[in-house]
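Everything on this sheet refers to the single structure shown next.
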Amino acid sequence: MLNCLGIMANPPLQHLLERLSRRLGPKGFTRDPAELAPWLVDWRKRYRGAAAAMLSPAGTDEVVEIVRLCAEARVPLVPQGGNSSMVAGATPSADGTALLLSMRRMNRIRSISAAGSSAVCEAGVILSNLHEAAAAVGQRFPLSLGAKGSATIGGLISTNAGGTQVLRFGTMRSLVQGLEAVLPDGSLFSSLAPLKKDNRGYDIKQLMIGAEGTLGIVTAANLRLVEAVGSRSVAWIGLASPEKALGLLRLLENATGEAVESFELVPRSAHDLVLHHIAGTRPPLPGPHEWHVLVEATAPMAAPSPEEALGRALMAALENGVIEDAAIASSEAQAEAFWRIRDSISEAEQKDGPAAKHDISVEIAAMPGFMVEAAAAVEGRFPGARVIAFGHLGDGNVHFNVRAPGDAPRWLEEQAPQVTSFVHDLVMAVGGSISAEHGIGQMRLSELARVGDPARLGAMRAIKRALDPHGIMNPGKLVPPAGMAAPPPLRPGNGAASSSQENGG
Ligand code: MLT
Ligand code: ZN
């Protein structure tokens with residue numbers, strides 16, 4: 001209702017909407033509140049936005065026109081793919097000043113080539129659809145994550161997504177070989193050719209990757225494919241500490257070469273939460289272990305299965321006291337069951353109760369020590385809170401989540417922002433990052449403003465101003481405005497924090 005009143009009082013916006021509606025037709029333009037509603041709330045259901053209309057272009061030419069018209073009218077656009085951002089990066093602000101730009105109709109795989117090991121995908125292609133298309137030509141796209149059934153290529157590029165194969169294949173940055181994007185003035189940056197060498201100056205393609213739609217709209221990309229997996233071997237391992245886990249990773253890398261592509265660390269707390277909350281899950285090992293690791297090793301079609309090499313290396317690790325126990329999946333079903341435990345951690349945490357969530361990285365070699373020391377510091381400083389840190393140890397990235405004490409219903413409102421600042425200060429003290437793979441979006445904006453290096457923030461603001469002088473590209477995300485207010489400093493007994501935005505519960 002407020003939106004309608006706003007538009008009636010704003011003839012230029014009304015005029016823009018009429019032009020867009022005529023250009024895009026009923027499939028590409030809607031103002032129906034029921035159609036808009038699911039796309040106006042973020043995946044974690046903490047941010048609720050508003051928009052006067054949702055635009056769903058069918059092709060790059062339509063995106064060009066949308067951006068030109070919006071630039072002329074100075075009306076902001078919020079691009080959105082599968083709406084699976086962990087940091088509310090695709091949710092418009094609540095004032096309804098922006099239009100939602102859904103890329104989901106642009107879901108064509110323009111070409112796919114086994115010989116060239118590449119696929120040219122439009123921004124709205126869903127990740128699991130690309131996986132299937134690649135498999136159909138004997139290849140694979142080596143990036144996967146929990147939201148693969150809804151996350152889109154454009155969103156994965158705009159957030160420089162990671163996932164569980166970064167160890168071997170890198171993040172989205174290393175998988176995008178060419179890019180097509182509409183810049184904020186409506187010009188088309190078309191650079192889809194997969195050039196291995198290209199020294200024409202600033203790398204605009206890389207600038208757009210991880211920009212969260214603040215520098216333009218990614219419309220298509222040329223993505224690197226790799227040979228399909230011939231065989232895989234998945235193991236679940238029990239061990240005593242993150243330090244032992246990192247030792248195991250190095251041992252496996254030496255023993256199996258490049259075969260290890262996933263190495264995920266799971267603490268006993270997360271393992272037990274999954275068994276408690278997720279129906280049909282069973283412990284992979286008989287005994288209790290303080291820490292667990294899920295390893296996946298793969299081999300290409302023509303090569304022997306990695307199982308033997310993995311088994312030998314695990315046996316040596318057992319004899320040397322690096323690990324306490326291990327089970328290698330004896331079937332695909334068992335391998336999937338192991339993965340299900342790992343992939344259900346976030347869901348189990350959600351069911352268990354509220355937590356302050358963090359997505360941090362530090363130097364890989366320093367991560368085991370950091371995890372232990374930071375957990376002790378957090379639990380000492382916030383009595384009753386429990387750290388549940390899990391994830392991509394081999395990338396130096398863990399989700400360092402802090403579960404609220406069970407008996408403190410207002411803990412999240414009163415303590416979560418302070419817990420987050422405390423955790424981030426520890427991370428910054430060792431030269432780490434407060435966002436390893438989820439991005440900044442809206443959720444991490446004030447923390448980036450608080451702890452971000454002034455030189456980095458200054459450069460980001462300058463780039464943003466230069467490319468998007470009218471600030472129409474996904475405003476309020478990623479780039480903290482100069483002078484953004486920092487949250488209250490951490491003081492003993494300070495319960496004045498007002499926001500529960502760090503609450504993943
Ligand atoms: C994961 O690795 O499972 C996700 O990135 C973590 C999350 O849901 O926070
Ligand atoms: Zn993750």
Side-chain angles (χ1 to χ4, degrees), residues 42-47 82-90 127 142-151 155-156 158-173 210 212 242 245 261-267 269-271 273-274 277-278 281 292-296 336 338-362 364 367 371 387-404 416 419-420 423-424 427 432-444 447 501-505:
D42 81 300
W43 183 74
R44 284 179 164 166
K45 310 240 178 308
R46 286 156 304 172
Y47 290 81
N83 197 22
S84 53
S85 169
M86 299 280 195
V87 288
L127 179 57
L143 184 144
S144 192
L145 36 72
K148 60 178 179 282
S150 54
L156 294 163
S158 297
T159 55
N160 182 29
T164 50
Q165 288 152 298
V166 171
L167 188 62
R168 181 156 168 208
F169 298 104
T171 64
M172 209 63 183
R173 281 195 195 284
E212 299 187 16
E261 60 181 67
S262 299
F263 190 91
E264 296 289 308
L265 183 67
V266 178
S269 51
H271 168 273
L273 275 190
V274 170
H277 289 288
I278 308 294
T281 52
H292 301 247
V293 163
L294 174 66
V295 173
E296 175 162 325
E336 283 304 312
F338 288 179
W339 266 112
R340 180 144 181 259
I341 295 175
R342 161 62 184 95
D343 285 341
S344 303
I345 295 175
S346 289
E347 189 187 337
E349 276 191 318
Q350 205 91 353
K351 290 191 163 140
D352 198 60
K357 298 198 171 197
H358 311 101
D359 166 38
I360 58 163
S361 66
V362 305
I364 297 171
M367 185 53 103
M371 287 177 77
V387 170
I388 302 178
F390 67 93
H392 324 290
L393 179 67
D395 308 334
N397 166 207
V398 295
H399 302 297
F400 194 93
N401 299 341
V402 183
R403 170 76 167 86
V419 170
T420 291
V423 170
H424 287 167
V427 171
S433 167
I434 64 164
S435 177
E437 62 172 0
H438 293 168
I440 297 297
Q442 305 181 51
M443 191 174 134
R444 298 277 176 238
E447 277 296 274
Q501 290 178 353
E502 302 297 326
N503 160 18

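Order of listing sets the numbers, starting from 1, for every ligand and every atom in it. Values below: all heavy atoms of this structure, side chains included; hydrogens, waters and symmetry mates excluded.
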Heavy atom of His399, distance to ligand 1 below 4.0 Å: yes

Sub-4.0 Å heavy-atom contact, Arg44 with ligand 1: yes

Within-shell test, Glu264 vs ligand 1, heavy atom, strictly < 4.0 Å: no

Closest approach of any protein heavy atom to atom 5 (O) of ligand 1, naming residue and atom: His438 NE2, 2.9 Å

Closest protein heavy atom (residue, atom, distance) for atom 8 (O) of ligand 1: Ser346 OG, 2.6 Å

Under-4.0 Å heavy-atom contact with ligand 1, by part of Gln350 that carries it: neither

For the Zn ion (ligand 2), the closest N/O/S atom belonging to His392: NE2

Numbered atoms of ligand 1 (with element) below 4.0 Å of His392, judged on heavy atoms: 2 (O)

Rounded distance (nearest 0.5 Å) linking atom CG of Asp343 with atom OG of Ser144: 8.0 Å

Check: Glu437/His392 side-chain N/O donor and acceptor closer than 3.5 Å: yes

Atom CH2 of Trp43: over 12 foreign heavy atoms under 6.0 Å: no

His438 near the Zn ion (ligand 2) via N/O/S, less than 2.8 Å: no

Any N, O or S atom of Glu437 closer than 2.8 Å to the Zn ion (ligand 2): yes

Approximate separation, where rounding is to 0.5 Å, of His277 NE2 and Gln350 CD: 11.0 Å

Plane angle bin for His358 and Phe400 - parallel if under 30°, tilted between 30 and 60°, otherwise perpendicular: tilted

Heavy-atom nearest neighbour in the protein, as seen from atom 1 (C) of ligand 1, with distance rounded to 0.1 Å: Arg342 NH2, 3.4 Å

Region of Lys357 that comes within reach of ligand 1 [heavy atoms, distance under 4.0 Å]: neither

Approximate separation, where rounding is to 0.5 Å, of Arg444 CZ and Thr420 OG1: 6.0 Å

For Glu437, atoms of ligand 1 separated by under 4.0 Å from a heavy atom: 2 (O), 5 (O)

NZ/NE/NH1/NH2 to OD/OE distance under 4.0 Å, Glu347 and Lys351: yes

Atom pair CD1/CG of Ile364 and Asp395 - distance to nearest 0.5 Å: 6.5 Å

Glu296 side chain to Ser262 backbone, donor-acceptor under 3.5 Å: no

